[in-house]
Amino acid sequence: PEYFARAVEIGAGASEQWVHFKINPFKKGTWRTFSILDGLADNDVQALYRDGDGVLWLGTASGLSRFDGSAFENYTTADGLVHDDVRALWGDGEILWVGTAGGLSRFDGSAFENYTTAEGLAHDDVRAIWGDGEALWIGTADGLSRFVYADTLSGSTVFRNYAAVDGLPPGAVVRAVWGEGDGTIWFGTQTGPQYGGGLYRLDAAGLTVFEGQLAYRHSNFAVSSIIGDADGEIWVGSNAGIGYFDRARQELVLPSALQLLPTYEGFGSGPSLFAAADGGVWVGGLGLWHSDGGQIYPHRILHDLTKAVLQDDDGVVWLGTTNGLVRYDRGSLVEYSPKDHLQVGAVRSLHLDSRGDLWIAGAGRTIARFDGARFVHYRSHTDDFSGWDYHYYAEAADGGFWFGSMPSGVNRVHFAADGAVRFETLEGWFMGRIADLHVDRADALWYGTGDGLWRYDGAVPVLIDGGPKKLKALYGDGDDVVWLG
């Protein structure tokens with residue numbers, strides 16, 4: 001039989017349940033990662049804000065960082081910040097508001113002024129901030145606070161808190177706040193719908209909760225972000241996916257096209273949202289995505305659980321995901337799954353042999369070989385190789401290759417002149433948990449285990465004395481020097 005792969009594009013109003021994503025051609029440019037090695041306060045970045053001067057402010061788990069494009073400047077409690085765990089940022093002119101796990105800080109560029117429950121804040125754990133020029137709205141771990149700017153100018157501190165008495169559930173964690181030009185405030189909570197949680201609207205008519213289609217399907221419904229786009233639509237990020245508020249029906253809905261995003265059920269938080277200049281919406285969380293209102297595009301990261309990536313000699317990128325195998329070639333995306341006769345389940349590792357065939361392994365005892373036209377499957381109980389959960393490969397001098405499994409076992413693949421495949425399992429030397437393979441220029445196999453580094457030249461494996469134990473990775477360079485992790 002012939003084997004076909006499918007490439008399906010999502011169209012406006014499409015209702016097909018199993019649809020594969022189209023991926024935009026990658027934009028030219030370079031991704032650069034900044035970390036504590038570059039001066040960032042902490043690698044755990046929880047909030048971002050870009051001020052009018054183009055300076056980027058970053059809230060981290062260990063302080064506030066300021067980045068001007070060339071260097072980082074960090075602020076902590078030693079500089080007057082109320083708490084080092086920064087979770088929310090909002091700017092208003094020359095003032096930066098900083099929400100932390102221990103209160104709210106106001107920074108004017110030279111000094112911090114701090115506010116906690118002692119000054120009337122609903123809770124010291126601040127999760128979200130939004131301001132409209134007249135008042136500051138603060139989402140906390142126990143309700144919503146409103147802080148009037150004029151009070152800071154007069155020297156008085158007045159918070160108006162919204163809690164259970166106003167219709168919020170007890171202990172409602174407000175993780176997202178967004179306001180409209182007419183004074184309407186939207187905010188979302190982390191509590192489940194059985195406690196009245198969900199999306200809230202506060203306007204002249206009072207407080208209204210919208211649990212909607214999202215909340216009815218998810219007992220632990222949690223809103224993580226809210227934004228309004230250029231057209232005035234309200235978008236909601238939650239652990240159930242991405243939704244929007246239908247003004248005509250007055251309810252929160254989850255469009256079928258947006259259900260195709262990676263699921264967030266079971267995660268403590270949902271995706272973050274950002275309104276793009278082109279009127280679309282950026283979605284960050286399990287991957288980075290972009291919506292233009294009619295289609296959802298993955299950007300840079302194809303799948304939320306991509307376990308393996310490989311590029312062949314033709315420049316084609318292959319990805320192993322929890323849903324199968326993906327082929328990306330110059331803007332064209334093709335996905336292979338059990339419907340295409342790939343039977344390894346979630347793909348954990350990929351290897352391209354010297355013949356140009358792609359080997360695919362999942363978490364079980366089955367591996368597959370793909371020659372570009374069809375899949376051939378091999379199983380440990382019928383094809384005489386050991387182990388399972390195969391992760392490691394190393395090419396041998398004769399064109400065959402070694403492969404090893406994480407739990408145990410090293411095997412060799414031999415290719416006969418007629419193209420037949422034969423497996424060889426190395427017996428008599430139990431190696432335990434395998435941690436990477438390397439073949440040197442003498443065609444000897446090096447492999448790492450919990451006992452240390454081993455070398456096998458075809459006769460007897462030898463444990464290298466004096467090396468570290470519990471190896472996780474190894475790499476052999478062109479000079480036959482082996483590097484160990």
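- A search for side-chain contact (heavy atoms from CB on, under 4.5 Å) contacts involving Ala473 returns Asp436, not counting sequence neighbours.
- Listed by chain and residue number, Arg32 satisfy the salt bridge (charged side-chain N to carboxylate O under 4.0 Å, His left out) test with Asp38 (two or more places apart in sequence, or in another chain).
- Annotation: salt bridge (charged side-chain N to carboxylate O under 4.0 Å, His left out) contacts of Asp457 (sequence neighbours excluded): none.
- For His83, there are no ring-ring contact (aromatic ring centres under 6.0 Å, His included) partners, not counting sequence neighbours.
- Residues passing the salt bridge (charged side-chain N to carboxylate O under 4.0 Å, His left out) test with Asp398 are Arg412, sequence neighbours excluded.
- Taking the side-chain contact (heavy atoms from CB on, under 4.5 Å) definition, one finds that Ser65 meets it with Leu40, Ala41, Leu58, Thr60, Phe72, Asn74, sequence neighbours left out.
- Shown here are the side-chain contact (heavy atoms from CB on, under 4.5 Å) partners of Asp246, two or more places apart in sequence or in another chain: Tyr244, Ala248, Arg249, Val253.
- Residues that satisfy the side-chain contact (heavy atoms from CB on, under 4.5 Å) test with Val481, not counting sequence neighbours, are Asp477, Asp479, Trp483.
- Under the ring-ring contact (aromatic ring centres under 6.0 Å, His included) criterion, Phe187 pairs with Tyr200, sequence neighbours left out.
- The salt bridge (charged side-chain N to carboxylate O under 4.0 Å, His left out) check on Asp68 picks up nothing, with sequence neighbours excluded.
- Residues meeting the side chain to side chain donor-acceptor pair (under 3.5 Å) test with Gln46, sequence neighbours left out: Asp85.
- Scanning for ring-ring contact (aromatic ring centres under 6.0 Å, His included) contacts around Tyr378 gives Trp359, Phe423, with sequence neighbours left out.
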